[in-house]
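All heavy atoms count here, side chains included; hydrogens, waters and symmetry mates do not. For this chain, numbers begin at 1 and follow the sequence in order.
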Amino acid sequence: MLNPPVKFTFDEPYSNQPDYKPKEHKESGVYETVFVLEDSPNKIVLQHILQAGGHVVKHWRQDWTYQPQAMWSYAGDYAWQSVALTPAQSQGKWLQTVWQVDDSPRYAGLGEWKNNHGIIEWTSDASYRPLPRRESTTRDDYDVMVGVNRHALTNTGWVHEQDNVKYNTKTQQAIVRERGVHYYELVKGHDFSKSYAYWKNNANYWKSVVKAWDKAFAQNKVLALPYTNQDDADKSAHYLKFFEQAKSVEGKKLTEKQLDQKAETLLNQVLTQGKVQ
């Protein structure tokens with residue numbers, strides 16, 4: 001387990017749109033516990049648990065897969081499609097797949113780990129990704145981000161850099177470039193007991209959610225979810241439904257099969273394309 005304090009920064013350095021005014025610098029900080037759920041030669045799974053202001057929230061998950069045969073790619077309109085990879089495309093490369101707070105897909109990128117003049121770093125290819133939740137309720141001038149990720153190791157953690165273009169696929173125009181830098185640093189002395197307790201009490205449920213998604217991926221070429229906008233973010237967003245279900249089963253002695261059935265039933269309810277059989 002890693003316990004890094006995390007600082008997120010975002011800037012819009014420039015736009016080629018004459019009437020666009022880049023947004024002001026954004027910066028925030030939280031504490032996160034990162035659980036290593038799997039660590040094998042060909043796959044690493046990291047689950048982030050966010051702790052801010054005394055509250056604990058299941059955050060994003062990242063899977064790292066070595067020389068994958070396929071990947072899930074964001075296709076726009078809140079849909080993801082399976083893309084086959086040839087041995088030549090994935091040779092020597094790691095695929096990072098980023099999952100949203102309810103283990104739904106977000107984006108994936110393929111790249112190599114390299115030693116760049118003493119800096120150990122991984123850089124992805126450019127890939128589509130949906131609007132981030134931090135802007136999904138405030139902006140409608142773009143519908144996808146075209147992003148490149150870089151992860152660089154440091155003496156006390158790692159740095160995650162994002163080079164994003166906010167892009168409107170309908171007008172085929174780039175709105176603005178965004179650069180994000182996220183600093184993860186190992187810390188000692190902070191009380192992470194609430195994060196540990198949350199994961200201990202909820203890990204089995206979220207394991208069933210991941211299994212449900214895995215079945216959906218195996219059975220479908222395209223999966224889609226309802227887009228969450230400002231009008232329905234507080235009542236019908238897909239991630240809130242999974243959070244509500246997690247809360248409803250917490251502390252109950254349900255079997256693995258019962259949790260699997262609940263997760264599959266809910267996933268079928270929220271998917272707008274593709275189902276779990």
Side-chain angles (χ1 to χ4, degrees), residues 34-48 59-116 120-130 144-153 158 160-165 167 169 203 206-225 238 242 256 260 263-264 267-268 270-277:
V34 183
F35 289 91
V36 182
L37 304 187
E38 184 175 343
D39 185 5
S40 65
N42 294 318
K43 189 171 184 180
I44 299 169
V45 179
L46 305 176
Q47 175 62 60
H48 294 239
H59 209 196
W60 63 300
R61 186 181 105 240
Q62 51 177 319
D63 291 3
W64 292 82
T65 308
Y66 185 58
Q67 298 186 163
Q69 297 179 346
M71 62 183 285
W72 280 87
S73 178
Y74 184 61
D77 294 327
Y78 227 47
W80 293 261
Q81 62 183 2
S82 178
V83 177
L85 299 172
T86 67
Q89 287 175 309
S90 63
Q91 176 67 35
K93 296 180 180 179
W94 284 84
L95 174 70
Q96 183 202 29
T97 306
V98 172
W99 310 92
Q100 304 189 82
V101 295
D102 60 347
D103 292 305
S104 59
R106 178 157 173 75
Y107 64 86
L110 194 64
E112 292 184 78
W113 281 95
K114 294 183 178 181
N115 186 330
N116 184 8
I120 308 301
E121 62 184 21
W122 172 91
T123 304
S124 76
D125 54 3
S127 62
Y128 270 19
R129 56 193 69 175
V144 301
M145 276 186 165
V146 186
V148 173
N149 270 5
R150 177 182 292 110
H151 291 269
L153 304 183
W158 75 93
H160 172 198
E161 301 174 51
Q162 294 188 50
D163 185 357
N164 302 321
V165 173
Y167 187 72
T169 60
W206 291 112
K207 182 179 179 180
S208 291
V209 174
V210 173
K211 286 167 62 178
W213 275 108
D214 285 347
K215 287 182 68 174
F217 294 140
Q219 296 170 358
N220 300 274
K221 291 294 184 182
V222 177
L223 295 174
L225 288 164
H238 55 87
F242 282 97
E256 179 179 346
D260 289 350
E264 288 183 16
L267 181 55
N268 277 337
V270 299
L271 283 170
T272 57
Q273 185 172 352
K275 296 295 180 182
V276 183
Q277 303 297 324

Who pairs with [X] by salt bridge (Lys or Arg N to Asp or Glu O under 4.0 Å), at least two apart in sequence or on another chain?
X	result
Arg150	Glu121, Glu161
Asp102	none
Asp125	none

Excluding sequence neighbours, so at least two apart, what forms side-chain contact (heavy atoms from CB on, under 4.5 Å) with Asn220?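 Ala216, Leu223.
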Check side-chain contact (heavy atoms from CB on, under 4.5 Å) between Gln91 and all other residues, then give those that pass, not counting sequence neighbours. Gln67
Residue Gln69 excluded, over 12 heavy atoms near CD under 6.0 Å: no
Is the number of heavy atoms from other residues, nucleotides or ligands within 6.0 Å of CG (Asp214) greater than 12? yes
Those residues that, when tested against [X], pass side-chain hydrogen bond (donor to acceptor under 3.5 Å, both in side chains) (two or more places apart):
X	answer
Asn268	none
Lys211	Glu256, Asp260
Trp122	none
Trp99	Asp63

Just jot down the ring pair (Phe, Tyr, Trp, His ring centres under 6.0 Å) partners of His59, sequence neighbours excluded, or say none. none
Ring pair (Phe, Tyr, Trp, His ring centres under 6.0 Å) involving Tyr128 - partner list, sequence neighbours excluded: none
Donor-acceptor list for residues 106-114 side chains, cut-off 3.5 Å, not counting sequence neighbours:
unit_1 : atom_1 : unit_2 : atom_2 : d
Arg106 : NH1    : Pro130 : O      : 3.1
Arg106 : NH1    : Leu131 : O      : 3.3
Arg106 : NH2    : Pro130 : O      : 2.9
Tyr107 : OH     : Asn149 : ND2    : 2.9

How about Tyr74 and Trp72: are their ring centres within less than 6.0 Å of each other? no
Tell me whether the centres of the aromatic rings in Trp94 and His151 are closer together than 6.0 Å.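 No, too far apart.
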Answer whether the closest heavy-atom distance between the side chains of Leu225 and Trp80 falls below 4.5 Å.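 They are in contact (side-chain heavy atoms under 4.5 Å apart), so the answer is yes.
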Heavy-atom side-chain contact between His48 and Gln62 under 4.5 Å: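 Yes - at least one pair of side-chain heavy atoms lies under 4.5 Å apart.
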Modelled atom types, side-chain donor and acceptor of His238 and Gln100, under 3.5 Å: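 No.
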Say you draw a straight line from CD of Gln89 to CG of Leu95; how long is it, rounded to the nearest 0.5 Å?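 Rounded to the nearest 0.5 Å, the CD-CG separation comes to 11.5 Å.
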